[in-house]
Amino acid sequence: MFKYCGKSAAAFCLLNANKRYFGLVHVSVSMQWQFQFSTTTSTAPNFTESSDIFELNPTSSCIIQDKDLLRDSQHDSGTGLHVLDLINRGSLEPDRSIYNTLLKKCTHLKKLKEARIVHAHILGSAFKNDIAMQNTILNAYAKCGCLDEARKLFDEMPVKDMVTWTALISGYSQNDQPENAIILFSQMLRLGLKPNQFTLSSVLKASGAGATDDKFGRQVHAFCLKYGYDWNVYVGSSLLDMYARFDQMDDAWFLFTALESKNEVSWNALIAGHARKSEGEKALRTFSEMLREGFEPTHFSYSSVFTALASTGSLEQGKWVHAHVIKSGGQLVAFVGNTLVDMYAKSGSIEDAEKVFNRLLKRDVVSWNSMLTGCAQHGLGKATVRWFEKMLRNGIAPNQVTFLCVLTACSHAGLLDEGQGYFALMKKHGVEPEEAHYVTFVDLLGRAGLLDRALKFIREMPIEPTAAVWGALLGACRMHKNVELGAYAAEHIFELDPHDSGPHILLANIYASAGRLNDAARARKMMKESGVKKEPACSWVETKNAVHMFVANDDAHPQRAMIHKKWREISEKIKQIGYVPDSSHVLSYADQQEREAKLQVHSEKLALAFALISTPPGSTIHIKKNIRVCGDCHSAFKFASKVVEREIIVRDTNRFHHFRDGFCSCGDYW
DNA sequence: CTAGGGTTAG
């Protein structure tokens, strides 16, 4: 199922695209931008906090000859700031390299306060008007995230060079202000300045960050070609990363292949691109290729691969890469460790996730959230609550993700009181509820059957209810078979988000299960008229060497005869112990018998039948599904787990279902 | 003196 894209096709695509880049060069230069630059006042930095540094100490007679003191990291938060003291005492002659070294350390360690002090010192020195020095100061402010001060310096500099412009552009692009980076870049072009490779890689990062399309990025690409920087590994990697962010992996690969020299960053950008698209197999293949080509994977590579494998739930491959981390002596630092925890949890092994969690060198809020998420997705509601309490006891400040996860867990596990308590707790931790929290809270009330309270909550909530909020109510109405309220909720959704097929299907289901088949048919018709389509359901089963995919009514599989035979056999056995097909999940005019027949070829049932004939007896079966498990399949799987004496783990879009001995871990709450 | 790649939810 994982097909490689033809490289020649990619090449053709980009060659044509290149023509467009050249065509657009002119447009960009003449592009009109609105500018709103702050008026310049004074740049005198505030150094009152550390005025002691500037006090002369006449009693000191220490003569310093060794500038290596600058490397001393035991004082002044590692910036070596104490040497300024020596300069003040006249024990050390200030020169360019001292200031440069100090500023470099401030920049690297993001010490804004210290940077201000050095700045103040330089203002009193002979280097006050030195452009290179001013650039370094500007850069220090920019990299410390203090863009306002960097901007002031920039505006006040009478003479600017490329480095000045680039330092500020990169400052903006590294500090989440891509728009400002792009505006500044355009202004630079209009002044006739020629960007260098540093400018281009910075502005490419900015063009990939906030924009909705690749229009600007393609124009920058044109500049790279025009000025001959596209071969540069920095520019090239930024370029391919930019395309990867716009989901154009073919273009990204083409640029990569064309690079004269590649490095880890180029590889990592590709792996991350596949990870963002949930292409576990491709990410892993790229990772292996990287190894084969003799590149050493970095933390970036590992965390991207784990993210990708988490999204496909590929436990075995994940273990292989984990082994690679161990073999290469890599430590489980935050980023890598957190993705690894997440990978194990999402691949169905909460035990391994916990083992990794316990071995983490440092545990931040994301590490804890990953564990919570893992428990919640496996339906371990009480465990989620326990982990959350443990997290609080460990003094970790919960964030919005934490609360969302805990609320979801409570909702799924039917922990009504706990959920309400935690919702109230958010404010005490200074976490403002967002849309998703309201959705989940409605879900919590709704699942518990408190439909009227859920409706009251929606009407009284401080933000305007969105389609998703009404959707939670609609889902609850489906569960509790409340036709009138369901229809009311659906009306709101159709208005707010007319292009989603979900609510139409849900509404049709509600009517169908209430026996109102005409209304159900009308809802289906509305769905068709609004042009929305139901996503075709499919399921995957992983065997030792391959991934097998099934869609409903599937007859493409080479072993289809055996698969259907196997399912008929299971179906008979589970009917004997109480399985009753629930045809309300089938939407059609067909009669009861036909609808039951349709049910029996749902993709997850085919996947299960296939797994039973192609995996060793007694082994756990893993199935993945692209949409929620249907109610009838859920019931059938419960019985089947008892009949075949196998544990069946199904991962759908929302969560995991562990079927064992006639029961499901979700407690029929999903 | 200035540059590119990574985490958790719904």
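All chains are named by letter (A, B, ...) in the order of the sequence lines, taking the proteins before the strands, and each is independently numbered beginning at 1. What's counted below: heavy atoms across the whole structure, side chains too, no hydrogens, waters or symmetry copies.
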Proximity to the side chain of [X] - top-ranked nucleotide from [options]:
X	options	value
Ala436(A)	dG10(B), dA3(B), dC1(B)	dG10(B)
Val163(A)	dG10(B), dT7(B), dC1(B)	dC1(B)
Ser303(A)	dC1(B), dG4(B), dG6(B)	dG6(B)
Gln197(A)	dG4(B), dA3(B), dT7(B)	dA3(B)
Val366(A)	dA3(B), dG4(B), dT7(B)	dT7(B)

Have a look at [X] and say if it touches a base, only the backbone sugar-phosphate, or nothing, with a 4.0 Å heavy-atom cut-off.
X	result
Val401(A)	base
Asn100(A)	nothing
Val233(A)	base
Ser238(A)	sugar-phosphate
Thr298(A)	base
Ala132(A)	base
Lys262(A)	nothing
Gln377(A)	sugar-phosphate
Lys160(A)	nothing
Glu264(A)	base
Arg245(A)	sugar-phosphate

Going by the angle between their ring planes, with limits at 30° and 60°, are Phe306(A) and Tyr302(A) parallel, tilted or perpendicular? parallel

Please determine which of Leu259(A), Val235(A), Asp251(A) meets the side-chain contact (heavy atoms from CB on, under 4.5 Å) test together with Leu240(A). Leu259(A)

Would Phe198(A) pass as stacked on dT2(B), i.e. its ring centre under 5.5 Å from the base's six-membered ring centre and planes under 30° apart? yes

Would Lys262(A) pass as a cation-pi partner of Phe295(A), given that its NZ or CZ must be under 6.0 Å from the six-membered ring centre and within 45 degrees of the axis? no

Between dA3(B) and Ser201(A), counting only base atoms on the nucleotide and side-chain atoms on the residue, is there a donor-acceptor pair under 3.5 Å? yes

Charged N to carboxylate O under 4.0 angstrom, Arg276(A) versus Asp241(A)? yes

His108(A) side, atom NE2; Lys105(A) side, atom NZ - distance, nearest 0.5 Å: 11.0 Å

Whole angstroms only, please: what is the CD-P distance between Gln134(A) and dT2(B)? 15 Å

Spacing between Phe335(A) atom CZ and dT7(B) atom C1', to the nearest angstrom: 5 Å

